[in-house]
Amino acid sequence: MSSKNFDLNDFGDEQPAPAIKPGGLAARAMGQQAEPPYLKGLNPEQRAAVENTDGPLLVLAGAGTGKTRVLTTRLAHILATGKAWPGQLLAVTFTNKAAREMRDRIGALIGGAVEGMTWLGTFHSIGVKILRNHAELAGLRSGFAILDTDDQIRLLKQLLEAHDVDEKRWPARQLASLIDGWKNRGLTPERVPAGEAASFGHGGLGGKLYAEYQQRLKVVNAADFGDLLLEVLRIFQEHPDVLKEYQRRFKYMLVDEYQDTNVAQYLWLRLLAQGHRNICCVGDDDQSIYGWRGAEVDNILRFEKDFPGAKVIRLERNYRSTPQILGAASGLIAKNESRLGKTLHTNREDGETVTVRAHWDGDEEARVIGEDIENFQRKGEKLNDMAILVRASFQMRAFEDRFITLGVPYRVIGGPRFYERAEVRDALAYLKIVASPDNDLAFERIINTPKRGIGDTSVKRMHAIARAQGISLYRAAEAMSLTDELPAKARTALRKLIESFNRWRQMAMGIPHTELAEIVLDESGYTEMWQNDKSPEAQGRLDNLKELVRSMGDFENLAGFLEHIALVMDVEQSAEEDKVSIMTMHGAKGLEFGTVFLPGWEEGLFPSQRSLDEKGRAGLEEERRLAYVGITRAKRRATISFAQNRRVHNLWQNALPSRFIDELPEMHVEVAPMATSYGGFGLGTYGKSRFDDQTKPFGNTYSTPGWQRAQQRWSDGKATRSTPRFIEGEMVARDTDAVKYAKGERVFHEKFGYGVISAVEGNKLTIDFDKAGEKRVIDSFVTRA
DNA sequence: TACACATCCGTTTTT
DNA sequence: CGGATGTGTA
């Protein structure tokens with residue numbers, strides 16, 4: 001334990017802590033009257049959740065009820081009253097982002113003492129920490145590698161190949177999710193029910209492959225994400241002495257997003273909580289939206305049975321949304337049967353009703369939302385405070401396209417993640433081998449990247465040697481680079497590679513790790529490979545490599561950096577510029593925006609057909625919770641919309657409005673007329689129509705001749721896109737002093753790649769892209785090629 | 001080995 | 001349609 005803990009123990013006597021009045025703390029600890037300042041402003045329920053520190057406690061925190069505040073204040077309170085030192089608190093979150101936020105906020109409350117909170121983190125980061133301390137009990141050595149999903153799949157592919165399993169019929173991905181599922185449920189290979197073990201490949205290999213996979217992991221000294229929980233759980237179960245040690249250590253436990261815990265996590269917590277029994281779980285059964293990846297809502301529904309004598313506190317005062325938004329969301333979620341039941345209320349009285357809007361098709365939906373956004377922006381609202389929340393990521397494109405045309409800055413949250421990009425993973429593989437040569441998966445990844453003439457056959461031979469002699473692939477390669485088992489070309493290349501690694505490893509001692517990274521990327525020919533690549537992404541990849549090296553600078557050494565990225569696959573996005581957010585409803589959990597758009601509420605899309613097919617009523621309820629999460633993200637304004645026609649896989653489909661729309665309580669909802677129908681438009685929510693000069697020759701019923709004609713044409717698949725003419729005068733003037741482009745110039749666009757300008761109108765360019773075809777974009781989105 | 005062509009498939013996602 | 005992945009050919 002660090003000396004920080006002792007500092008904290010002292011505080012209250014003489015050393016003032018930054019945010020908390022030491023006198024108050026001391027007084028509190030001694031049971032006197034003075035009120036610690038951090039309790040100010042909490043409502044009675046919140047306060048109870050903070051002050052009920054001992055014994056099991058479940059806090060049911062509805063959306064927008066100040067959950068994070070309660071969580072952080074509670075931890076601060078435990079520390080401030082001297083009940084525990086920072087190192088004796090276990091605080092678990094699901095995401096790194098949540099962990100970071102909690103750490104920051106506690107830091108703001110109690111100052112430097114957070115430094116001592118070594119056990120605040122995600123389930124996985126805490127799992128690694130424990131597993132590194134007891135690796136040998138799990139058949140690993142302490143420097144074990146952590147595999148990400150990609151590595152996992154590659155390992156499984158090798159196994160499948162060895163068993164002659166047809167990867168077409170039985171994809172490695174599917175096996176991976178099967179195994180993940182078992183791990184989520186806390187099942188080691190021996191414990192997988194026989195019926196399920198027989199569920200994969202010819203002759204029911206599932207269980208067998210799982211067992212072999214686990215063995216392989218030990219051989220290559222690696223753990224996958226599931227193991228970070230499962231192996232720790234196994235250690236706890238099989239080594240009571242170790243379990244006791246942690247039970248003693250963790251005097252107070254706090255779990256965020258309890259509704260998202262899976263069985264393994266639940267068992268893990270329950271074992272630990274048998275020590276001091278001071279476990280506080282915070283969650284909201286109505287926001288459980290991760291059932292499809294193993295979360296068990298049951299954990300939260302069963303809490304009082306699992307922890308006899310548990311207190312339950314409900315936080316039902318909402319500080320986020322208007323009564324209308326809250327009413328709409330509550331009315332909807334009330335249709336769910338399996339829930340603990342909460343009634344959110346607010347003291348606010350102002351607010352617009354939730355708008356429901358019908359659109360002719362998806363393009364119109366995107367167009368109208370784009371216009372709304374421009375209008376709000378003109379009124380002075382920040383784009384950062386607006387979001388479009390979709391059910392599935394393919395829906396994002398329509399909005400991106402539209403915003404590119406309009407020149408509305410946007411950010412997509414949940415795209416391909418930084419550390420998952422191929423070039424970043426390649427670069428990391430090089431560095432990992434410098435740090436630990438025996439990382440077979442990393443070595444295999446780059447042995448022929450860039451191409452150096454070491455083909456599959458050579459690699460297979462190395463594998464054979466490695467296996468036969470029980471050594472790592474790298475060692476086998478090292479040996480073979482000196483014999484004549486390989487063709488001359490491959491052997492020379494291999495020798496050169498091995499020599500390079502030896503050289504780099506020598507250097508690693510003497511130079512900063514960022515410099516080492518640059519040298520490795522340079523000398524390995526990896527950077528050059530991308531420099532010679534002429535695809536539109538190449539430049540971006542080179543930029544990513546630069547960014548990677550830069551981000552390494554934030555860490556003291558290579559090992560620290562590698563450990564960090566193994567667990568944190570994402571890199572934080574800057575929120576500096578003012579941009580509209582486009583993300584999935586899943587990705588939006590825990591966030592809030594002034595204005596929220598919820599497009600695509602159509603049967604089959606939302607609720608998603610697949611959810612319904614696979615999970616039936618439970619699936620529907622989870623979708624409904626997702627809808628609830630979506631609506632409750634909004635502070636002041638929520639607009640739900642659906643399109644009557646949608647192009648799915650390039651086929652036009654006639655869509656029905658989502659059943660969730662019917663379930664919204666009428667009193668909180670206003671149905672806006674179709675923007676394109678005759679009459680009545682413009683009276684919806686915000687002022688005058690912007691579409692006077694373009695209407696469609698049919699109303700919003702399903703039976704007009706126009707509708708039927710249009711439908712007929714669309715089903716024939718030769719419909720013209722219903723994109724309206726752009727209304728010049730309404731364009732927001734932007735980038736007036738931007739660089740001017742001329743017809744015929746070759747330009748680069750970060751989304752569409754390279755293209756040639758075919759027309760210029762003011763700041764709007766029409767560009768014929770090599771890959772993406774013809775698009776209209778604003779010139780500021782483009783650079784000269 | 002590299003590129004062209006074919007084929008398949010189309011939720012949600014964290015660690 | 002479009003991307004990801006795989007097969008086939010030069």
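These figures come from a predicted structure and were not determined experimentally. Numbers restart at 1 for each chain; the letters A, B, ... are given by sequence-line order, proteins then strands.
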Checklist entry - Tyr290(A) ring centre to Arg293(A) NZ or CZ under 6.0 Å, with the angle to the axis within 45°? => result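 Yes, a cation-pi geometry holds between Arg293(A) and Tyr290(A).
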Checklist entry - Cation over ring, Lys129(A) on Trp119(A), under 6.0 Å and within 45°? => result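 The answer is yes; both the distance and angle limits are met.
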What's [X] touching, base or sugar-phosphate or nothing? Going by heavy atoms closer than 4.0 Å.
{"X": "Asn448(A)", "value": "sugar-phosphate"}
{"X": "Gln395(A)", "value": "nothing"}
{"X": "Ser611(A)", "value": "base"}
{"X": "Thr122(A)", "value": "sugar-phosphate"}
{"X": "Phe394(A)", "value": "sugar-phosphate"}
{"X": "Gly453(A)", "value": "sugar-phosphate"}
{"X": "Asp224(A)", "value": "nothing"}

Near [X] [atom1], under 6.0 Å, is it more than 12 heavy atoms from other residues, nucleotides or ligands?
{"X": "Gln609(A)", "atom1": "CD", "answer": "yes"}
{"X": "Lys218(A)", "atom1": "NZ", "answer": "yes"}
{"X": "Arg132(A)", "atom1": "CZ", "answer": "yes"}

Checklist entry - Nearest nucleotide by nearest heavy atom, which residue falls closer to the 5' end of DNA chain B, Met396(A) or Arg452(A)? => result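 The residue closer to the strand's 5' end, by nearest nucleotide, is Arg452(A).
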Checklist entry - Aromatic ring centroids of Phe123(A) and Phe94(A) under 6.0 Å? => result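 Here the rings of Phe94(A) and Phe123(A) have centres that are less than 6.0 Å from each other.
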Quick one: [X] [atom1] to [N] [atom2], roughly how many Å, whole number?
{"X": "Arg173(A)", "N": "dG10(B)", "atom1": "CZ", "atom2": "P", "value": "12 Å"}
{"X": "Gln287(A)", "N": "dT14(B)", "atom1": "CD", "atom2": "P", "value": "17 Å"}
{"X": "Glu602(A)", "N": "dT11(B)", "atom1": "CD", "atom2": "P", "value": "16 Å"}
{"X": "Trp601(A)", "N": "dT12(B)", "atom1": "CH2", "atom2": "P", "value": "18 Å"}
{"X": "Glu622(A)", "N": "dT12(B)", "atom1": "CD", "atom2": "C1'", "value": "9 Å"}
{"X": "Lys183(A)", "N": "dT14(B)", "atom1": "NZ", "atom2": "P", "value": "19 Å"}
{"X": "Glu614(A)", "N": "dT11(B)", "atom1": "CD", "atom2": "P", "value": "12 Å"}
{"X": "Asp260(A)", "N": "dT15(B)", "atom1": "CG", "atom2": "C1'", "value": "13 Å"}

Next on the checklist: Checking contacts here: which listed nucleotide (dT11(B), dT15(B), dT13(B)) is nearest the side-chain heavy atoms of Glu420(A)?
Outcome noted: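 Among the listed nucleotides, the one closest to the side chain of Glu420(A) is dT15(B).
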Checklist entry - Side chain of Lys451(A): nearest nucleotide among dT1(B), dT13(B), dT11(B)? => result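 Of the options given, the side chain of Lys451(A) lies nearest dT1(B).
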With a cut-off of less than 4.0 Å, is there a side-chain N or O of [X] near OP1 or OP2 of [N]?
{"X": "Ser393(A)", "N": "dT12(B)", "answer": "yes"}
{"X": "Thr584(A)", "N": "dT11(B)", "answer": "no"}
{"X": "Arg417(A)", "N": "dT15(B)", "answer": "yes"}
{"X": "Asn96(A)", "N": "dT15(B)", "answer": "yes"}

Checklist entry - Taking O4'-C1'-N9-C4 for purines and O4'-C1'-N1-C2 for pyrimidines, is dT11(B) syn (within 90° of 0) or anti? => result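 Syn conformation for dT11(B).
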Checklist entry - If the P atom of dG3(C) is compared with that of dT12(B), how far apart are they to the nearest Å? => result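 Between the two P atoms, the distance is 15 Å.
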Item to check | Pairwise C1' distance, dT11(B) and dG6(C) [rounded to whole Å] | outcome: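 The same atom, C1', in both gives a distance of 24 Å.
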Item to check | Aromatic stack Trp292(A)/dT12(B): centroid gap under 5.5 Å, interplanar angle under 30° | outcome: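 One would call Trp292(A) stacked on the dT12(B) base.
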